[in-house]
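See structure below.
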Amino acid sequence: MSALSKKVIVTAALPYANARLHLGHLRSTYIPADIYVRYLRAKGVDAIYVCATDEHGTPIAVMAEQSGKSCKDYVDYYHKLILEDLLAVGCSFDIFARTTNPEHYELTQEFFKRLLEKGYIYEEEYEQLYCPKCKRFLPDRYVEGVCPYCGSPGARGDACDACGRYLKPSELKEPYCIICKSTPELRTTRHWFFKLSAFQEFLEKWIKENERLPDNVKNFALQWIKEGLMDWCITRDLDWGVPVPVEGAEGKVIYVWFDAPIGYISSTIRYAEERGKPEVWKDYWQNPDAEIVHFIGKDIIYHHAIFWPAMLRAHGDFNLPTIIVAGEFLTLEGKKMSKSRGWVVEIKDYVAKFDPDSLRYYLAVSSPLTKDADFSWDEFLRRHNNELADVLGNFVHRALTFAYRNFGEKIPSAKELDDYDKQAIAEIEKAHSEASKYLDQFDFHSAIRRIIDLASFGNKYFNDKEPWNTIKTDPDKAATTIHVSCRIAKALAIMLAPFIPNAAERMWSMLNLPGSVHEQPWDEALKDLPPDHLIPAPKPLFTKIEPKVIREQKEILRRSLAERTGEAEAPKVSIDEFKKMDLRVGTVIEVERVPGSKNLYKLKIDLGELGIRQSVAGIAPWYKEDELLNKQVAVIANLQPAKIFGVESEVMILAAEDEEGVSILQPDKKKRNGSKIL
RNA sequence: AGCGGGGUGGGGUAGCCAGGUUAACCCGCGGGGCUCAUAACCCCGAGAUCGGUGGUUCAAAUCCACCCCCCGCUACCA
């Protein structure tokens, strides 16, 4: 077991205030962080759970502008909804702040100035795109164009989704302003850069030597370092954000990824102020014995394992992260979630129908954090009904009901303990120490599994002891059995509190123990119950979910997917429009793979009087080269030519596609090359 | 193609990093027990040569090499 220091700050990645959260976010970040912090608190650690919405940056500025709202209104709206959702699933934040708060601006500017003074931020003039019509420079996502590296269109100013490279807006080919679509021009402007390259060696050493950093974080970060770190441009020409605190820098703000992580500190400052102890934030960020534990999704490892530690190191007054836990992703029914495709379960929709504890349980138990997991409604039903309601809920219920009915609404005192009773108590201790060990290692999956196993053991113990028989023959023995069973229930309540806080509290009330389960020290799980202790009439801990309800959920998902992606019936075209298309029959006379591509063939097609034309077709998965050679095919001959994967394609082959794959169309009898298709 | 994650009894997963008792858990299936409890609980059983091949080792699901397949993201799919 690792030695826990006295003060720990637990952070969850700051959600970006432009959309609501879904189950994936909860699984990778917010639920694990919440379980962990609740566990630490129970262990007596002075742990606080800090989070905030991340409210700056060009994506928000662009979306606000496009929806005709002010940035402020826009982020106000999402801040509220995001917080609502997170609270609904039981996230026990000590503070949930905003990066638009004044203390955040203040600290960010202080940070910037410090780095500037220390020479870690330098100024440089360079050419940037300027939109003459909108009369402004175009940062990041205000400009799109063709990626200079992979040639794909729709690359944004900050990065190309196609090849994943980070870009400078001025690198884009054929750029256009996304607001007015006009072509921007290059103008000289000044910007500030963070000297990340100066931390190359430091970071490499820090990451390699940090034994508590999980492997997925380590490996990922080291790869970046190996490729060499580049300085980051950390200012933007934008009016939404933290102003650059330098004379003559009007109209410039600090880049969102510079200010966002500072939000962890500024939120702690706000927390301290709200407590009326404005200095206590220092106990977490400047006390060498304090620990900083960041929970993030795997998509932002770079920012937390490289950029952020370098910033902190450069500043010099703050602790560096102790641990970064990066949660992997969650699929939905085996497929990647996607909001735009309607394949998503939003938190608000979940909590409207189901118990948040069941979700927390499912997400924690289904698989280790360091692995991708899947959310499936059938699996959810099984876990809720079988594990929570039956194994856990029924155990607690049968033990308490027995006590209530047979021992005068009391949990009887234990009499003489036989070997089995002693073994049962030893089981509590075993479960407790093993669950603690797993929690210390962020292995929430094994921890909750181990705790539910204790409930299983309880059922077995109860069965084997047959108190319904011994109550008649040896009431003392029955009393002992019930006492020990209730003791297991008490231990379960305490150990489950971090995972399923509401159910644990219900268990606590049913046991009629003082205070809240959430105020109990972790080791209270090992302690005995008071003698002859009165309890209220037990109620089922979890109600089972009807399969019908789950079928409805699956149907809702299916429909939402169909709505978003279902191809609407094609609009009618006139015969004249159809005639514009020059459809022909031709013969494939040459086939070769397009180098570097997976699915593409380059084909030469003999189209008779039209000559030989080249086509690039994505049919390699379905046809071998020689299956295509000398085959007659249908093509559209007068399509605007285009380059695909850098290869000219003049005509397109017609093919039918369904779930099974692709089948090319051809005439049923051999026809002259170049013959028209009507 | 690049990056990431996988392939373990009928289904879903854990174990793999730190190799070593009868490969674990949930569901399902067959049989039995119990009747306190939310038609819940408990026990027994059938069912896996741990994707393939080769290697390292006294010993491999676990380490190494090569190969096959799946999934996700990104992309071409004229």
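A quick note: this is a predicted structure, and the numbers were derived from the prediction, not measured. In what follows, every chain begins at residue 1, and chains take the letters A, B, ... in the order their sequences are listed.
Residues A/Gln632 and A/Asn673 have side chains in contact (heavy-atom distance under 4.5 Å, counting atoms from C-beta outward). Residues A/Trp377 and A/Leu557 are in side-chain contact: their nearest non-hydrogen atoms beyond the backbone lie under 4.5 Å apart.
Residue order along RNA chain B, read from the 5' end via each residue's closest nucleotide, puts A/Ala399 first among A/Ala399 and A/Thr331. RNA chain B is contacted by both A/Gly334 and A/Val365; A/Val365 maps to the nucleotide lying nearer its 5′ end (nearest heavy atom per residue).
Protein atom OH of A/Tyr461 is 16 Å distant from nucleotide atom P of B/C43, rounded to whole Å. Taking atom CZ of residue A/Arg450 and atom C1' of nucleotide B/G15, one finds them 16 Å apart after rounding to whole Å. Between A/Phe457 atom CZ and B/C43 atom C1' there is a gap of 15 Å when expressed in whole angstrom units. With rounding to whole Å, A/Asp299 atom CG is found 19 Å from B/C3 atom P. A straight line from CG of A/Leu330 to P of B/G6 spans 15 Å, rounded to a whole angstrom. When rounded to the nearest whole Å, the span between NE2 of A/His445 and C1' of B/C16 equals 13 Å. Rounded to an integer number of Å, the gap from A/Glu466 CD to B/C43 C1' is 12 Å. One can place CG of A/Asp372 at 12 Å from P of B/G7, the figure rounded to the nearest angstrom.
Within 6.0 Å of NZ in A/Lys465 there are more than 12 heavy atoms belonging to other residues, nucleotides or ligands. Within 6.0 Å of the CD atom in A/Glu546, the count of heavy atoms belonging to other residues, nucleotides or ligands does not exceed 12.
Side-chain proximity of A/Trp468 to B/C43, B/C36, B/G15: nearest is B/C36. Nearest nucleotide to the side chain of A/Lys298, out of B/C42, B/U13, B/G4: B/G4.
Dashed line: the shortest gap from a side-chain N or O of A/Ser367 to OP1 or OP2 of B/A14 is under 4.0 Å. A sub-4.0 Å separation between OP1 or OP2 of B/G15 and a side-chain N or O of A/Lys371 is present.
When heavy atoms are screened at a 4.0 angstrom cut-off, A/Pro538 is found touching no nucleic acid atom at all. Here A/Phe329 lies out of heavy-atom contact (under 4.0 Å) with every strand. Here A/Ser446 lies out of heavy-atom contact (under 4.0 Å) with every strand.
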Collect all protein-nucleotide pairs involving nucleotides 37-39 of chain B in which both atoms are nitrogen or oxygen and the distance is under 3.5 Å.
| unit_1 | atom_1 | unit_2 | atom_2 | d |
| --- | --- | --- | --- | --- |
| B/A37 | OP1 | A/Arg405 | NH1 | 2.4 |
| B/A37 | O3' | A/His397 | ND1 | 3.2 |
| B/A37 | O2' | A/Asn394 | OD1 | 2.6 |
| B/A37 | O2' | A/His397 | ND1 | 3.1 |
| B/A37 | N1 | A/Arg398 | NH2 | 3.4 |
| B/A37 | N3 | A/Asn394 | ND2 | 3.2 |
| B/A37 | N3 | A/Arg398 | NE | 3.2 |
| B/U38 | N3 | A/Phe542 | O | 2.8 |
| B/U38 | O4 | A/Leu541 | N | 3.0 |
| B/U38 | O4 | A/Phe542 | N | 3.1 |
| B/U38 | O4 | A/Phe542 | O | 3.3 |

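Comparing B/C70 with B/C64, their P atoms are spaced 24 Å from each other, to the whole Å. Rounded to a whole angstrom, the distance from the C1' atom of B/C17 to that of B/U22 is 26 Å. Here the separation of B/C3 from B/A46, taken at their P atoms, is 46 Å to the nearest Å. For the P atoms, the distance from B/G7 to B/C76 is 30 Å, rounded to whole Å. One P atom belongs to B/A24, the other to B/C43, and the distance between them is 15 Å to the nearest Å. Spacing between B/A48 and B/A40 at atom P, rounded to whole Å, works out to 29 Å. Comparing B/U21 with B/C69, their P atoms sit 34 Å apart, to the nearest whole Å. Between the C1' atoms of B/G45 and B/G55, the separation comes to 39 Å (whole Å).
For RNA chain B, the stems formed by at least three consecutive Watson-Crick or G-U pairs, with both atom-pair distances below 3.5 Å, span B:1-7 with B:68-74, B:10-13 with B:24-27, B:29-33 with B:41-45, B:51-55 with B:63-67.
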- Task: Let me see the working for A/Tyr461 and A/Tyr420 under ring-ring contact (aromatic ring centres under 6.0 Å, His included), right down to the final yes or no.
- Result: CA-CA 8 Å; A/Tyr461 167 80; A/Tyr420 201 173; 5.2 Å; yes
- Intermediate values then yes/no, ring-ring contact (aromatic ring centres under 6.0 Å, His included), A/Phe380 and A/Phe375: CA-CA 7 Å; A/Phe380 172 76; A/Phe375 182 88; 5.7 Å; yes
- Give the intermediate values and the outcome of side-chain contact (heavy atoms from CB on, under 4.5 Å) for residues A/Gln553 and A/Lys353. CA-CA 10 Å; A/Gln553 290 304 312; A/Lys353 289 239 163 96; 3.6 Å; yes
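Checking side-chain atoms of A/Thr331 against main-chain N and O of A/Ala373 turns up a donor-acceptor pair under 3.5 Å. Judged by distance alone, with hydrogens and angles left aside, the side-chain atoms of A/Trp343 form a donor-acceptor pair with the main-chain N or O of A/Leu332 at under 3.5 Å.
Taking NE2 of A/His304 as the start and CD1 of A/Ile324 as the end, the distance is 7.5 Å to the nearest 0.5 Å.
Using a cut-off of 4.0 Å between Lys/Arg side-chain N and Asp/Glu carboxylate O, A/Lys298 and A/Glu328 are scored as salt-bridged. Using a 4.0 Å cut-off between charged nitrogen and carboxylate oxygen, A/Arg382 and A/Asp378 do not count as a salt-bridge pair.
Under the 3.5 Å distance criterion, with hydrogens and angles disregarded, no donor-acceptor pair is assigned to the side chains of A/Asn502 and A/Arg360.
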- Its contact letters, B for base, S for sugar-phosphate only and - for none at protein heavy atoms under 4.0 Å, make nucleotides 20-31 of chain B read -----SSS----
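A side-chain contact (heavy atoms from CB on, under 4.5 Å) with A/Phe395 is found for one member of A/Leu400, A/Asp390, A/Asn459 and no other, namely A/Asn459.
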